[in-house]
Amino acid sequence: MESSIKLWQLSERLKTIASFIPDHKRVADIGGDHALLLTQVAKENRLQKGVVGEINRGPHQNASERVKLAGLADLIDVRLGDGLAVVQPGEVDVVVIAGMGGALIASILEQGKDKLAGVERLILQPNIGESRVRLWLEENGFRLVEETIVEEAGIYYEILVAEPGKPGYAADQILGRDMAREVGPLLWERRHPLLHKKLQEVVAGKRKIHRQLNLGKTEQAIARKRELEREIEAWERVIQCLSKENN
């Protein structure tokens, strides 16, 4: 049996996600794995009702066992199913989807749009492809109200918090809408302390790919190199602009 200390220990990433969950709400954690997030919120007496959704039987069983071990089976319902199929329309106030690629998160939201009527808040943490998530929110009547970056084991995680509302950000006018979507409009506007480092990491990754393409002589490789050069130049302009405004 796991010790109670290990049972409730959250990573900084999950602690930050938990901090964005309003008190006494009905919350669905889609892809909740071991149900750590909602068991912690419940232990803090902040959860009205919880649903943990898992598509795979192994994680579903792990989550069920953890919830039972915590004595929270009456408060947290662990369900087996794909994405938002595990909840009914109007059943939850808050939806959390964390630890997946941005394209997958956007797909889950798109496929489960009928379940989002009445949802007050989305808390989304894509591992990559954050702009895909921001685009989906923009196109589907959600406005970002919070954005933050958490660094954990040398990896930067962006957490996006959205509520129903008309999108539109000051960063769109400064960076252009497409680049603001890539950078994170609220991260930019609020000058998040980790944003500069994350942007430098993005450029470093693109430079690495560019160096690898130097070995390629095909038309496709040459075209991709030129495209990357334009991307690197655009990102470096953003970094320079951020550095000037921070000085």
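If you read the sequence from its start, that first residue is 1, and numbering goes on from there. Nothing here was measured: the structure is a model prediction, and the numbers come from that model.
Residues Pro164 and Phe142 have side chains in contact (heavy-atom distance under 4.5 Å, counting atoms from C-beta outward). At a threshold of 4.5 Å between non-hydrogen side-chain atoms, the residues Val203 and Leu199 do not count as touching. Annotation: side chain of Val119 is not in contact with side chain of Val94 (no heavy-atom distance under 4.5 Å). For the pair Glu65/Gln61, a side-chain contact is recorded, criterion being any heavy-atom separation below 4.5 Å from C-beta on. Using a 4.5 Å heavy-atom cutoff, the side chains of Ile21 and Leu47 are not in contact. Leu109 places none of its side-chain heavy atoms less than 4.5 Å from the side chain of Asn140. Side-chain contact between Val95 and Leu84: present, with at least one pair of heavy atoms (C-beta onward) separated by less than 4.5 Å. At least one side-chain heavy atom of Cys241 sits under 4.5 Å from a side-chain heavy atom of Trp188.
The pair Arg13-Glu151 fails the salt-bridge criterion, with no side-chain N (NZ, NE, NH1 or NH2) lying under 4.0 Å from an Asp/Glu carboxylate O. Ionic pairing of Glu227 and Arg230 is not present here: no N-O contact between side-chain nitrogen and carboxylate oxygen is shorter than 4.0 angstrom. A salt bridge between Arg190 and Glu147 is absent, with no side-chain N of the basic residue lying under 4.0 Å from a carboxylate O of the acidic one. A salt bridge between Lys25 and Glu120 is present, with a side-chain N of the basic residue lying under 4.0 Å from a carboxylate O of the acidic one. A salt bridge does not link Glu130 to Arg181: none of the charged side-chain nitrogens sits closer than 4.0 Å to a carboxylate oxygen.
Clustering of Ile, Leu, Val, Met, Phe, Trp and Tyr side chains at separations under 4.5 Å leaves Leu215 isolated, with no partner residue. Within the hydrophobic cluster formed by Ile, Leu, Val, Met, Phe, Trp and Tyr side chains joined at under 4.5 Å, directly or through other members, Ile155 is accompanied by Tyr157. Applying the under-4.5 Å side-chain rule to Ile, Leu, Val, Met, Phe, Trp and Tyr, the cluster around Ile209 extends to Leu213, Leu228.
Ala28 pairs by the side-chain contact (heavy atoms from CB on, under 4.5 Å) definition with Ile30, Val51, Val87, Val92, not counting sequence neighbours. For Arg121, the side chain to side chain donor-acceptor pair (under 3.5 Å) partners are Glu163, not counting sequence neighbours. Residues meeting the side chain to side chain donor-acceptor pair (under 3.5 Å) test with Thr148, sequence neighbours left out: His192. For Glu233, the salt bridge (Lys or Arg N to Asp or Glu O under 4.0 Å) criterion is met by Arg237, not counting sequence neighbours. Under the salt bridge (Lys or Arg N to Asp or Glu O under 4.0 Å) criterion, Glu189 pairs with no residue at all, not counting sequence neighbours. In this structure Arg46 satisfies the salt bridge (Lys or Arg N to Asp or Glu O under 4.0 Å) test together with Asp23, Glu44, sequence neighbours excluded.
For the residue pair Asn127 and Gln125, a side-chain donor N or O sits within less than 3.5 Å of a side-chain acceptor on the partner. Looking only at atom types and distance, the side chain of Glu12 has no donor-acceptor partner in the side chain of Thr16 under 3.5 Å away.
The salt bridge (Lys or Arg N to Asp or Glu O under 4.0 Å) analysis of residues 47-63, with sequence neighbours excluded, yields no pairs. Screening residues 101-112 for salt bridge (Lys or Arg N to Asp or Glu O under 4.0 Å) gives Glu110-Lys113 as the qualifying pairs, with residues at least two apart or on separate chains. Sequence neighbours left out, the pairs with a member in residues 205-215 that pass side chain to side chain donor-acceptor pair (under 3.5 Å) are Lys206-Glu231, Arg207-Glu236, His210-Glu229, Asn214-Lys225.
For the pair Arg79 (side chain) and Val86 (backbone), a donor-acceptor distance under 3.5 Å is present.
The cluster map of Ile, Leu, Val, Met, Phe, Trp and Tyr, joined by side-chain heavy atoms under 4.5 Å apart, puts Leu187 and Leu194 in the same cluster.
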